[in-house]
Amino acid sequence: MLKVFDHPLIRHKLTIMRDKNTSSKDFRQNLNEIASLMVFEITRDFPVTIKQVDTPLCSCKGYELSRDIVIAPILRAGLGLVQGIQDLIPTAKIAHIGMYRDEKTLLPKPYFEKYPSNINDALVLIVDPMLATGGSSIAAIDRVKMQGAKDIRLVCLVGSPEGVEAVTRAHPDVDIYLAALDDHLNEHGYIVPGLGDAGDRIFGTK
């Protein structure tokens, strides 16, 4: 399943992020805010269990999440989405998936991985601002599945049709959530219109 969010606040904040003159501070802030807006819908079908609680007036029925949540950012740009999600799910555990592109094969290669022990039973949100060719996302999903994860969702800010098709073909069981589906990839593999290199803009390295 592909879900592209059509919400006025998301469109407004994404427009700020697309602007090449937006500072790293404002870029990060709007990325955090969009992540929080997206996670509200992404978690709509998360399972809950009934919990009895005592209010100041009486006892009543409440609800709590019944599954552990793991946020798995693809380093480094994926870190920019973590805070906005964790603000709403503070009990979520954080995995880390570091990959680089092999200069000869152009394929993503893992250089660092760290997973919480509960990942095999958890709901896993793999996060990365950009879904371009889909190579990194596919590799990250591969790695998470190797850890035993079975319920995985891919959360990205901006995606390309090519990347969506590649991920869907490789992992048809993984739902994809986007704030925007852009037009195409250019000859350098950048999303058009896109927003440039998300990692550089998040961390101010360019």
Partner set under salt bridge (charged side-chain N to carboxylate O under 4.0 Å, His left out) for D54, not counting sequence neighbours: none
Within residues 188-197 or reaching into it, pairs that qualify as salt bridge (Lys or Arg N to Asp or Glu O under 4.0 Å) - sequence neighbours excluded: none
side-chain hydrogen bond (donor to acceptor under 3.5 Å, both in side chains) involving R67 - partner list, sequence neighbours excluded: none
Interatomic distance, Q29 atom CD to I16 atom CD1 [nearest 0.5 angstrom]: 8.5 Å
Result block: side-chain N/O donor-acceptor pairs under 3.5 angstrom for residues 77-88, not counting sequence neighbours:
residue : atom : partner : partner atom : Å
Q83     : NE2  : D87     : OD1          : 2.6
Q86     : NE2  : A92     : O            : 3.4

side-chain hydrogen bond (donor to acceptor under 3.5 Å, both in side chains) involving H171 - partner list, sequence neighbours excluded: D142, K145
Pairing residues for E162 by the salt bridge (charged side-chain N to carboxylate O under 4.0 Å, His left out) criterion, not counting sequence neighbours: none
Would you give me the side-chain donor-acceptor pairs under 3.5 Å for residues 123-138, sequence neighbours excluded?
residue : atom : partner : partner atom : Å
T133    : OG1  : G135    : N            : 3.2

Side chain to side chain donor-acceptor pair (under 3.5 Å): pairs with one or both residues in residues 44-53, sequence neighbours excluded: E41-R44, D45-R153, Q52-S59
Path from L65 to I94 over hydrophobic side-chain contacts below 4.5 Å: yes
Point-to-point distance, once rounded to the nearest 0.5 Å, from CG of D6 to CZ of R11: 4.5 Å
Show which side-chain atoms of residues 181-189 pair as donor or acceptor with protein atoms under 3.5 Å away, not counting sequence neighbours.
residue : atom : partner : partner atom : Å
D182    : OD1  : R18     : NH2          : 2.8
D182    : OD2  : R18     : NH1          : 2.8
D182    : OD2  : G194    : N            : 2.8
N186    : OD1  : H188    : N            : 2.9
N186    : OD1  : G189    : N            : 3.1
N186    : OD1  : Y190    : N            : 2.9

More than 12 heavy atoms of other groups within 6.0 Å of F40 CZ: no
Aromatic plane relationship, F5 with Y177 - under 30° parallel, 30 to 60° tilted, over 60° perpendicular: parallel
Heavy-atom side-chain proximity of R201 to L31 below 4.5 angstrom: no
Cluster overlap I141 with Y111, hydrophobic side-chain contacts below 4.5 Å: no
Check: S24 and R28 side chains under 4.5 Å, non-hydrogen atoms: yes
T168 OG1 to D173 CG distance, which is reported to the nearest 0.5 Å: 10.5 Å
Gap between atom NE2 of H7 and atom CE of M38 - 0.5 Å precision: 12.5 Å
Under 3.5 Å donor-acceptor, K150 side chain and G148 backbone: yes
CD1 on I50 to OG on S66, rounded to 0.5 Å: 11.0 Å
M146 atom CE: more than 12 heavy-atom contacts under 6.0 Å: no
T43 side chain vs F46 backbone, donor-acceptor pair below 3.5 Å: no
Common cluster, I74/V158, ILVMFWY with side-chain heavy-atom separation under 4.5 Å: no
Listed partners of T205 passing side-chain hydrogen bond (donor to acceptor under 3.5 Å, both in side chains), at least two apart: R76, D200
Non-neighbouring partners of K93 that pass side-chain hydrogen bond (donor to acceptor under 3.5 Å, both in side chains), sequence neighbours left out: none
Pairs flagged by side chain to side chain donor-acceptor pair (under 3.5 Å) wherever residues 114-126 is involved - sequence neighbours left out: D68-N118, E113-Y115
Any donor-acceptor pair under 3.5 Å from R143 side chain to I97 backbone: no
Nearest-0.5 Å distance, CD of residue E33 to CG of residue D26: 9.5 Å
Any I34 side-chain heavy atom under 4.5 Å of L157 side chain: yes
Hydrophobic cluster identity match, V144 and I71, side-chain contacts under 4.5 Å: no
Shared hydrophobic cluster for L178 and I191 (ILVMFWY, side-chain gaps under 4.5 Å): no
Full working for side chain to side chain contact (heavy atoms under 4.5 Å, CB included) between L195 and L14: CA-CA 9 Å; L195 45 75; L14 184 57; 4.1 Å; yes
